[in-house]
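So the structure is just underneath, and the comments pick up after that.
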Amino acid sequence: MDMERFDRRPTPIWADADWLFDAQRLRAALLLYPGIAACHAMAARLYGWPLPSNWLTPQLHLATANPNSRIRLAQVTLHRTASMSVRQWFGLPVLSPEDIFIGFGSNLLHRDLVKLGDAAVGNWHGPPQIGLDELRSCVRNRPFVRGRQRLVDALDCVRESVDSPPETDLRLWAVEVGLPEPLVHPKVHCHTLGRVVEPDLGYPDAKLALEYEGAHHFQSKRQRVSDLNRDEGLRAEGWTVLHVTSTVNYRQLETKIRHHLGLSEPHKA
């Protein structure tokens with residue numbers, strides 16, 4: 001009798017079915033076309049970066065340094081490049097983060113570029129995949145970058161240590177409505193907890209914290225207890241904590257923040 005065999009391959013803890021499907025298709029392509037690497041939208045998906053919904057397609061974006069290479073298959077786009085900076089990402093050849101970020105310079109809106117940058121240099125899916133200074137240097141100094149100024153403008157708004165795309169959206173929203181930009185993960189020493197607490201976003205001078213709570217904050221009992229302890233510790237230090245969810249009324253949230261910061265309502269045209 002044949003024994004059942006298991007094919008074990010490195011997989012990120014955050015991988016979903018779409019990530020596994022992309023990885024499987026890339027491995028299959030490598031059997032036919034050695035020397036290729038994932039690039040563009042597929043590489044961004046494998047890195048776990050947040051792409052707009054119109055980029056979440058089955059299209060397989062592959063890069064090659066061989067100018068004579070041809071791949072004529074449905075849902076496959078081959079990108080030829082003079083030089084390839086490839087890294088092994090969970091056993092898969094993927095173009096470097098800076099190459100992928102730069103490649104979207106003329107494709108994505110400002111907000112989406114900031115979210116990609118936050119994901120690349122932040123902590124959403126583990127440690128940063130590239131440093132912010134290194135990414136800035138690549139964008140500014142690399143020759144023949146399409147959309148260079150758009151990338152530079154986006155990187156001016158990228159912040160380190162961001163934990164999730166909703167945190168990026170919340171920070172950018174605050175700036176767009178005329179509020180001061182909140183600090184990412186301000187450090188607050190909570191004496192009752194005996195440790196430093198870092199809310200998602202905050203205004204340290206006003207002791208106001210903004211906490212974005214996704215579905216896992218309500219589904220995990222451990223996460224819920226941790227959130228409650230964090231809030232109690234912050235309040236013991238005189239902080240106010242505002243919770244933000246996907247169903248938040250942003251007009252009311254803006255009013256609360258303005259009231260706490262002592263800011264007047266903006267004049268309406």
ILVMFWY cluster, Leu26 and Leu32 together (side-chain gap under 4.5 Å): yes

Atom pair CG/CD of Leu263 and Glu254 - distance to nearest 0.5 Å: 9.5 Å

side-chain hydrogen bond (donor to acceptor under 3.5 Å, both in side chains) evaluation trace for Arg251 with Thr255: CA-CA 6 Å; Arg251 188 68 188 89; Thr255 299; 3.2 Å; yes

Glu198/Arg230 ion pair, N-O < 4.0 Å: no

From Leu60 atom CG to His40 atom NE2, the distance as rounded to the nearest 0.5 Å: 13.0 Å

Neighbour count above 12 (heavy atom, 6.0 Å) for Arg80 CZ: yes

Arg25: partners by salt bridge (charged side-chain N to carboxylate O under 4.0 Å, His left out), with sequence neighbours left out: none

Main-chain N/O of Val162 paired with Asn123 side-chain donor or acceptor, under 3.5 Å: no

Side-chain donor/acceptor of Trp19 to backbone N/O of Leu46, under 3.5 Å: yes

ILVMFWY network linking Leu20 to Trp89, side-chain heavy atoms under 4.5 angstrom: yes

Trp173 and Leu179, any side-chain heavy atoms less than 4.5 Å apart: yes

Hydrophobic cluster membership, Leu172 vs Val177, 4.5 Å side-chain cutoff: no

Arg258 side chain to Ser264 backbone, donor-acceptor under 3.5 Å: yes

Joint hydrophobic cluster, Ile130 plus Trp124, side-chain heavy atoms closer than 4.5 Å: no

Check: Pro97 and Leu135 side chains under 4.5 Å, non-hydrogen atoms: no

Which residues share a side chain to side chain contact (heavy atoms under 4.5 Å, CB included) with Thr240, sequence neighbours left out: Leu208, Leu242, His260

Validation row: Thr77, Leu62 side chains within 4.5 angstrom (heavy atoms): no

Arg235 bridged to Glu232 by N-O distance under 4.0 Å: no

Test item: side-chain donor near acceptor, Glu213 and Thr245, under 3.5 Å: no

Thr11 side chain vs Arg9 backbone, donor-acceptor pair below 3.5 Å: yes

His189 vs His191 side-chain heavy atoms within contact, under 4.5 Å: yes

Pairwise side-chain contact, Tyr212 with Ser246, heavy-atom cut-off 4.5 Å (strictly under): yes

Leu210 side, atom CG; Leu183 side, atom CG - distance, nearest 0.5 Å: 11.0 Å

Check against side-chain contact (heavy atoms from CB on, under 4.5 Å), Val184 and Glu160: CA-CA 8 Å; Val184 176; Glu160 296 173 300; over 6 Å; no

Side chains of Asn249 and Leu253 in contact at under 4.5 Å (non-hydrogen atoms): no

Check residues 98-110 and write down every donor-acceptor pair under 3.5 Å in which the side-chain atom is one partner and the other belongs to a residue at least two apart or another chain.
unit_1	atom_1	unit_2	atom_2	d
Glu98	OE2	Ser96	OG	3.3
Asp99	OD1	Arg142	NH1	2.4
Asp99	OD1	Arg142	NH2	3.1
Asp99	OD2	Ser96	OG	3.0

Nearest non-hydrogen partners of Val121 and Gly131, listed with the distance: CG1-C, 4.0 Å

His243 side chain to Asp227 side chain, donor-acceptor N/O pair below 3.5 angstrom: no

Closest non-hydrogen atom pair, Ala43 against Val94: CB-CG1, 3.5 Å

Whether His185 side chain and Ser161 backbone form a donor-acceptor pair below 3.5 Å: yes

Student check: side-chain heavy atoms of Leu170 and Tyr250 closer than 4.5 Å: yes

Side-chain donor-acceptor pair present, His61, His79, cut-off under 3.5 Å: yes

Minimal non-hydrogen separation, Pro180 against Ala174, with atom names: O-CB, 4.3 Å

Side chain to side chain donor-acceptor pair (under 3.5 Å) contacts touching residues 42-52 (sequence neighbours left out): Asp22-Arg45, Trp49-Gln129

Side-chain donor or acceptor of Asp118 paired with backbone N/O of Arg159 under 3.5 Å: yes

Partner set under side chain to side chain contact (heavy atoms under 4.5 Å, CB included) for Ala37, not counting sequence neighbours: Met84, Val86, Pro93, Leu95

Pair Asp169 + Lys115: basic N to acidic O under 4.0 Å: yes

Ring geometry between His125 and Trp14 (parallel below 30°, tilted from 30 to 60°, perpendicular above 60°): parallel

Closest approach of Thr192 to Gly233 (non-hydrogen atoms, all atoms of both residues): OG1-CA, 3.7 Å

Over all atoms of both residues, closest heavy-atom pair of Ala23 and Leu92: CB-CD1, 3.7 Å

Pairwise side-chain contact, Trp55 with Pro50, heavy-atom cut-off 4.5 Å (strictly under): no

Identify every side-chain donor-acceptor pair in residues 66-73 under 3.5 Å, counting partners at least two apart or on other chains, and give the distances.
unit_1	atom_1	unit_2	atom_2	d
Asn66	OD1	Asn68	N	2.9
Arg70	NH1	Pro67	O	3.3

Arg171/Glu181 salt bridge by N-O under 4.0 Å criterion: yes

Shortest non-hydrogen separation from Leu132 to Leu155 and the atoms involved: CD1-CD2, 4.1 Å

Co-membership, hydrophobic cluster, residues Val197 and Val244, 4.5 Å side-chain: no

